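Data first, discussion second: the structure below is written as structure tokens.
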Amino acid sequence: MPKEYRTIQEVAGPLMLVRGVEGVTYNELGEIELFSGEKRRCKVLEIDGGNALVQLFESSTGINLSNSKVRFLGRSMELGVSEDMLSRVFDGLGRPIDGGPEILPEKRLDINGLPMNPAARNYPQEFIQTGISAIDGLNTLVRGQKLPIFSASGLPHANLAAQIARQAKVRGTDEPFAVVFAAMGITFEESNFFIQSFQETGAIDRTVMFVNLANDPAVERIATPRMALTAAEYLAFEKNMHVLVILTDITNYADALREVSAARKEVPGRRGYPGYMYTDLASLYERAGRQKGKSGSITMIPILTMPEDDKTHPIPDLTGYITEGQIILSRELYRKGVTPPIDVLPSLSRLKDKGIGEGKTRADHANTMNQLFAAYARGKEAKELMTVLGEAALTDMDKLYAQFAEEFERKYVSQGYNTNRDIEETLEIGWKLLSILPRSELKRIKDAFLDEYYDKAKEQREREA
């Protein structure tokens, strides 16, 4: 039976100081019992001799210093895991909130996980099809990769996240695929949108959801992604599933980190965020990957809203260092009605070359991808020139490139949130767009592929016109 302490010295906001404790460790869970018998949970933040600084998970109202008692439970926060978690919705601390029964856990796992030994990692190299052309065709997602989405306030990242969660799959295998979805600091309306979207399409059957709402405590927000990753590690490395983890919104998580850090009176770093934010984010992101000798994998898509649309803000900046690329959403494309508004030129998947080509997608994928990037970049330049100098200043070739850029945004990038394109369809659309340009302009594509696809695509485009 854990020892009880009646030595609560002071309560300040979400923090409480307990004196005269023995054998208590950092991160240990505790339980506060009020005079009324009500129990609240807390976690040890700091130990200084016999003094323990603890953080409350619920509010501190009603805690009477003289007749409340604290007991420390001798363990850090754990999540009870089992395959029954699939198709269920939990709060940020792993308690069911969908009206269903409690989970009967197969085992209990520490939510802080164990770092994966770099020598035990396998290189990410298998293609994951998201059904979204701008990702599959140009910034390919690979199994075991960490590929964040950089969004901005007011842009439809929630729709994109739900679409990826519904559509993503590993092609050509019947290996079990699951999605772990963690939402931090979102509104009730957004939470409802995700749950309904997954239920309507049946995607909920292979999804585990953790939802932390904006009015839930900050310390719960810090636990939410760790709960999700613990569930993902169990499904991937013990049940051999391919797991896609979607974390939204990392900005809310970092703000909670800053709030807790300020409450502890720590010295702030850039923009008031704690100096250890890089390490903290890495402790989440680095839990993705593939392990040698295990067939399961964890692929991660963290989503963050860039404050003031600023890529150099500490949250996107540090995230970009730790992850393998980024998908960037553009306000300009959103205003034009492009859905999803993915800006392909500054977006990047550092592992895309590993997941494409013969046997994975198609032999012509790498060539067409490079050519589409080059042609779109030149087309955008031509359009900017047209804005400044007028159409008369453009050569006939520039006009073709400008037309290409226009159609590329409309037909390739803008596909809506309910269209699921397989990679062949994405490549066909790419060829049709490239056939706007004369064959002599396609210098990044091998002749063999031009012979095979170019004339066919040109005929098809002319028929459709």
Side-chain angles (χ1 to χ4, degrees), residues 126-143 145 147 149 156-173 177 179 197-198 200-203 206 242 244 246 299 301 325 327-330 333-334 336-345 347 349 351-352 355-373 375-376 404-436 445 449 452-454 456-458 460-461 463-464:
E126 282 136 304
F127 169 65
I128 288 184
Q129 181 174 290
T130 63
I132 298 162
S133 294
I135 296 177
D136 293 350
L138 300 172
N139 290 295
T140 316
L141 179 65
V142 181
R143 238 175 69 194
Q145 183 177 6
L147 186 63
I149 293 173
H157 47 270
N159 305 51
L160 183 60
Q163 184 178 13
I164 292 171
R166 288 195 310 266
Q167 296 179 176
K169 63 174 190 181
V170 178
R171 281 164 50 99
T173 66
F177 190 84
V179 175
S197 158
F198 293 168
E200 282 164 12
T201 55
R206 56 165 196 176
H242 297 302
L244 176 66
I246 298 177
T299 307
I301 299 184
I327 303 289
I328 295 182
L329 301 192
S330 147
L333 290 177
Y334 180 58
K336 279 190 193 173
V338 172
T339 53
I342 294 173
D343 195 349
V344 297
L345 293 180
S347 296
S349 165
L351 299 177
K352 64 186 173 198
I356 62 176
E358 193 125 31
K360 292 178 180 175
T361 52
R362 211 168 74 180
D364 59 317
H365 189 157
N367 279 195
T368 51
M369 174 178 75
N370 293 338
Q371 190 65 64
L372 284 167
F373 267 125
Y376 180 50
F404 171 87
E406 202 60 52
E407 290 202 24
F408 177 80
E409 285 171 7
R410 209 175 64 243
K411 295 182 177 167
Y412 193 95
V413 181
S414 189
Q415 63 178 76
Y417 297 112
N418 298 311
T419 308
N420 187 357
R421 293 177 180 165
D422 61 27
I423 188 63
E424 287 76 17
E425 190 183 345
T426 290
L427 290 169
E428 289 313 316
I429 295 169
W431 273 107
K432 247 185 270 180
L433 288 167
L434 289 172
S435 71
I436 293 172
I445 301 181
F449 297 139
E452 191 176 344
Y453 298 106
Y454 180 79
K456 214 174 1 174
K458 197 175 179 81
Q460 201 177 346
R461 190 173 62 82
R463 269 205 311 275
E464 285 171 11

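Quick caveat, the model's predicted, so the values are computed rather than measured. Note that the numbering runs from 1 along the sequence shown for the chain.
- Residues meeting the side chain to side chain contact (heavy atoms under 4.5 Å, CB included) test with Glu407, sequence neighbours left out: Gln403, Arg410, Lys411, Leu433, Ile436.
- Between Thr140 and His365, some side-chain heavy-atom pair lies under the 4.5 Å cut-off.
- Applying the ring-ring contact (aromatic ring centres under 6.0 Å, His included) criterion to Phe404, with sequence neighbours excluded, gives Phe408.
- If you take CD1 on Ile429 and CG on Leu372, they are separated by 11.0 Å, rounding to the nearest 0.5 Å.
- Although no hydrogens or angles enter the test, the distance criterion places no donor-acceptor pair under 3.5 Å between the side chain of Glu126 and the main chain of Val170.
- Residues forming a side chain to side chain contact (heavy atoms under 4.5 Å, CB included) with Tyr454 (at least two apart in sequence, or on another chain): Trp431, Ser435, Arg439, Leu442, Leu450, Lys458.
- Qualifying side chain to side chain donor-acceptor pair (under 3.5 Å) partners for Gln460, counting only residues two or more places apart in sequence or in other chains: none.
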Check against side chain to side chain contact (heavy atoms under 4.5 Å, CB included), Phe127 and Asp136
CA-CA 9 Å; Phe127 169 65; Asp136 293 350; 4.1 Å; yes
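- Looking at residues two or more places apart in sequence or on another chain, you find a side chain to side chain donor-acceptor pair (under 3.5 Å) between Ser349 and Gln145.
- Among residues two or more places apart in sequence or in another chain, the side chain to side chain contact (heavy atoms under 4.5 Å, CB included) test is passed with Ala366 by Ile356.
- The closest side-chain heavy-atom distance from Glu409 to Leu333 is below 4.5 Å.
- Closest approach of Phe177 and Ala168 over heavy atoms only: CE2-O, 3.3 Å.
- Note: Ser133 OG to Leu138 CG = 8.5 Å, rounded to the nearest 0.5 Å.
- Scanning both residues, Pro340 and Gly416, for their nearest heavy atoms gives CD-O, 4.1 Å.
- Every residue two or more places apart in sequence or in another chain was checked for a ring-ring contact (aromatic ring centres under 6.0 Å, His included) with Tyr334, and none qualifies.
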Working for side chain to side chain contact (heavy atoms under 4.5 Å, CB included), residues Ile132 and Leu160:
CA-CA 9 Å; Ile132 298 162; Leu160 183 60; 3.6 Å; yes
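- One finds the OH atom of Tyr412 at 9.0 Å from the CG atom of Leu434 (value rounded to the nearest 0.5 Å).
- The list of salt bridge (charged side-chain N to carboxylate O under 4.0 Å, His left out) pairs with a residue in residues 412-427, not counting sequence neighbours, reads Arg171-Glu424.
- Taken to the nearest 0.5 Å, the CD1 atom of Ile423 stands 4.5 Å off from the CG atom of Leu427.
- Of all non-hydrogen atoms in Ile149 and Ile301, the two that sit nearest each other are CD1-CG2, 3.7 Å.
- Remark: Glu464 engages Lys432 in a side chain to side chain donor-acceptor pair (under 3.5 Å) (not counting sequence neighbours).
- For Ser347, the side chain to side chain contact (heavy atoms under 4.5 Å, CB included) partners are Asn139, Ile327, Ile328, Ile342, not counting sequence neighbours.
- With hydrogens and angles disregarded, no donor-acceptor distance shorter than 3.5 Å links the side chain of Gln163 to the backbone of Thr130.
- For residues 357-373, the pairs satisfying salt bridge (charged side-chain N to carboxylate O under 4.0 Å, His left out) are Arg362-Asp364, Arg362-Glu428, with sequence neighbours left out.
- Scanning both residues, Thr299 and Val142, for their nearest heavy atoms gives CG2-O, 3.6 Å.
- Distance check, rounded to the nearest 0.5 Å: CZ of Phe449 to CG of Asn367 gives 5.5 Å.
- Here the shortest heavy-atom pairing between Lys352 and Phe373 reads NZ-CE1, 3.7 Å.
- In this structure, CD in Gln167 is found 8.0 Å from CG in Asn418, a value given to the nearest 0.5 Å.
- The side chain to side chain donor-acceptor pair (under 3.5 Å) search around His242 returns Arg143, Glu175, Ser297, not counting sequence neighbours.
- Annotation for Ala134 and Val413: closest pair CB-CG1, 4.4 Å, computed over non-hydrogen atoms.
- The closest donor-acceptor contact from the side chain of Ser197 to the backbone of Ala162 lies at 3.5 Å or more, if one exists at all.
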